[in-house]
Amino acid sequence: MLWHAFAPMASEALIVGSITIPPQDLSWTATRSSGPGGQNVNKVASKVDLRFDFEHSEALSHELKARIRESAATRLDADGRLQITSQLTRNQPDNLEDARLKLAEILRASLTVPKQRRKTKPSRAKKAARVADKRVQAQKKQSRGRVAAD
């Protein structure tokens, strides 16, 4: 793995809207990618595994951390870090950039506060229409029965 070759990209802060994620909150490793790749597949570590320790990040508010925890629960590792993998290309820097874009998209989605659901009740007319429809359906099914012989 060539850490020094991607030092500029990996050491850049990730900016999403009004949030700036410092580079020390992000860690990444590269491993061999799965799937076909010819003779090169067993030699090059192009798959990128990006991890973001959002629980200990001071760039995020408590509310935002809770929304991330809820929305990205399937992407959390055993230590509670957000884990993003990318093996889109055979190029390690491109996969690192793709993983950073995926992380930015998750954070962007978590920035929007979901609307509170307001409980509603069906109107009296809707209830009456539902009962009338049920009566029509029951009558239709009753008429499908056997006819009694006289």
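None of these values were measured; they are calculated from a predicted model. When reading the values below, keep in mind they use all heavy atoms of this one structure, side chains included, and skip hydrogens, waters and symmetry mates.
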Verdict with supporting geometry, Arg100 and Ser86, side-chain contact (heavy atoms from CB on, under 4.5 Å) | CA-CA 9 Å; Arg100 287 171 59 96; Ser86 176; over 6 Å; no

Passes side-chain contact (heavy atoms from CB on, under 4.5 Å), Thr85 versus Leu50? Steps please.
-> CA-CA 6 Å; Thr85 58; Leu50 179 70; over 6 Å; no

Spell out, yes or no, whether Leu103 and Leu64 are grouped together once hydrophobic residues are joined by side-chain heavy atoms under 4.5 Å, including indirect joins.
-> yes

Going from NZ on Lys102 to CG on Asp98, what distance comes out if it is rounded to the nearest 0.5 angstrom?
-> 5.0 Å

Please tabulate, for the side chains in residues 105-119, all donor-acceptor contacts under 3.5 angstrom to protein atoms that are two or more places apart in sequence or on a different chain.
| residue | atom | partner | partner atom | Å |
| --- | --- | --- | --- | --- |
| Glu105 | OE1 | Arg108 | NH1 | 3.0 |
| Ser110 | OG | Ile106 | O | 3.1 |
| Thr112 | OG1 | Ala109 | O | 3.0 |

With rounding to the nearest 0.5 Å, note down the distance linking CG in Asn95 to CH2 in Trp28.
-> 10.0 Å

Let me see the working for Gln92 and Val48 under side-chain contact (heavy atoms from CB on, under 4.5 Å), right down to the final yes or no.
-> CA-CA 7 Å; Gln92 194 180 67; Val48 172; 4.0 Å; yes

From CZ (Phe54) to CD1 (Ile68), nearest 0.5 Å = 6.0 Å

Closest non-hydrogen atoms of Pro93 and Asn91, given as atom of the first, atom of the second and distance, are CD-OD1, 2.6 Å

Return the set of residues passing side chain to side chain contact (heavy atoms under 4.5 Å, CB included) with Gln139 (not counting sequence neighbours), or none when no residue passes.
-> Gln142

Between the NE2 atom in His62 and the NZ atom in Lys65, the distance rounded to the nearest 0.5 Å is 6.0 Å

Steps toward salt bridge (Lys or Arg N to Asp or Glu O under 4.0 Å) verdict (Arg69, Glu55) = CA-CA 9 Å; Arg69 204 176 305 115; Glu55 293 288 354; 2.6 Å; yes

Indicate if Phe52 and Leu76 have the same hydrophobic cluster label, given that clusters are the connected sets of ILVMFWY residues with side-chain heavy-atom separations under 4.5 angstrom.
-> yes

Would you sort out whether Asp77 and Leu82 count as a side-chain contact (heavy atoms from CB on, under 4.5 Å), showing the intermediate values?
-> CA-CA 7 Å; Asp77 65 2; Leu82 190 60; over 6 Å; no

Would you indicate whether Gln24, at its atom CD, is surrounded by more than 12 heavy atoms from other residues, nucleotides or ligands within a distance under 6.0 Å?
-> yes

dist Asp25:CG -> Asp53:CG (nearest 0.5 Å) comes out at 7.0 Å

Candidate pair Asp49 and Arg51, rule salt bridge (Lys or Arg N to Asp or Glu O under 4.0 Å), full reasoning | CA-CA 7 Å; Asp49 182 24; Arg51 294 177 191 258; 3.0 Å; yes

Between CZ of Arg81 and NE2 of His56, what distance do you get to the nearest 0.5 Å?
-> 10.5 Å

